Amino acid sequence: MKQTNFEVSLQAELDALREAGLFRSLRTVDSAQGPVISIGGKEYLNFSSNDYLGLANHPRLRAAARAAIESFGVGAGASRLVCGNSRCYDLLEAALAEFKRKEAAIVFSSGYAANVGTICALVGEGDTVIIDKLCHASIIDGCRQSGATLRIYPHKNLKKLEDLLQQARGASKKGVSQASVLVITETVYSMDGDLAPLPEIVELKDRYDAWLMIDEAHAAGIFGRHGRGVAEHFAVEDRVEVTLGTLSKALACVGGYIAGSRTLIDYLRNKARSLIYSTALPPSMCAAGAEAVRLVMSDEARVRREVLWRNVQQMKDGLAKQGISAVTESAILPILVGGEEAALGISQRLFERGMFVSAIRYPTVAKGKARLRVTMTAAHTGDHIERFLENARQAWNASGS
Ligand SMILES: *Cc1c(COP(=O)(O)O)cnc(C)c1O
């Protein structure tokens, strides 16, 4: 059939992506998430998921979801402010507030929606929002939509952050007293696996009377003595105005949340458009999420965290022995390759050997900074890791990089 101009134009862009090694496609998984997944009738060791504590297929979470389906059915029916606010939401938000030791918490349908909705609710035209260059797309999209002046500092560059704070305080259109200045940082950088210098950022935002929002997507559940995140790890929780987390990574469900003061949470319930104008999560997901929160606060999770950090160490040491460098402070081990095609090639060779590790490319990371992103979970065994290392050596040797 003849292509219309519309399709010719889209096809040209797709061809350009393919040529640049940037074309994306989906791989269909036929099993539950876990350290071993099934794709196309074959089993693969999975080093790509953010299911850090290995809870995605946990019997307690499955039972909680199943029981809620029996009681509450499947769909939420409407947005939370209309009739979708199931009892399961109240229980989940209470559990999250207790876990994060905050007055209150509010749940969105995803971490993406939580970032966009919250940032747009907190700042607007005339305000300034200051973010790290490597912040997640959902933070950037929220900042752009908000209409606030967006300022970006080079990754973890505190001197530049201070310059931007100074400028924002000096030059705001609303005048010093009214304009809001919001600093946003991830606590674990999702594609680099390093930590934000949180104590220093807290000092700076206090000095310039700014607010701080932290995104603990890759930290909640695994950092800090009680698993509350990097803010707990650095003992600065009480000095952060807005804390975002997700139910989708270590908590192994889906959803995003903000924890903070009761005033903040009341405000977001009234102002966050991604919450108001989107259908509520299904009750079963809230019930599974609440069970995940309880689990993350239990001794079982403490043990799982110990296993996770042991696994990270084993993988890091094993890679280093083969001359493959993965610098990390978290459960994310980025192995820098550089070229998009080269990263795809290594990922493909690993796949042929039964190892599932995605190549991360532009625009998720900068051009020429393509990488393999190996993520570790508590569900990996020592044997899984050894098998990966054995195959990694061969995949890298064949690539010549
Ligand atoms: C994954 C992620 C999000 C989005 O969370 P979802 O629940 O997957 O929508 C937000 N921020 C960061 C830093 C993330 O890595």
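Note that ligands are numbered from 1 as they come in the structure, with each ligand's atoms numbered from 1 the same way. Just so it is clear, the model here is predicted, and its values are computed rather than measured.
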So, H380 versus F388, ring centres under 6.0 angstrom or not?
no
[X] with [Y]: basic N within carboxylate O range, under 4.0 Å:
X: E306; Y: R302; value: yes
X: E237; Y: R228; value: yes
X: E241; Y: K205; value: yes

For ligand 1, what is the set of protein residues having any non-hydrogen atom at a distance below 4.0 Å?
S110, G111, Y112, N115, H136, S138, E186, S190, D215, A217, H218, T246, S248, K249, G255
Pairs involving residues 377-397, ordered by first then second residue, that meet salt bridge (Lys or Arg N to Asp or Glu O under 4.0 Å) (sequence neighbours left out)
D383-R387, E390-R393
Can you confirm if the NZ or CZ of R361 lies within 45° of the ring axis of F23 and under 6.0 Å from the centre of its six-membered ring?
no
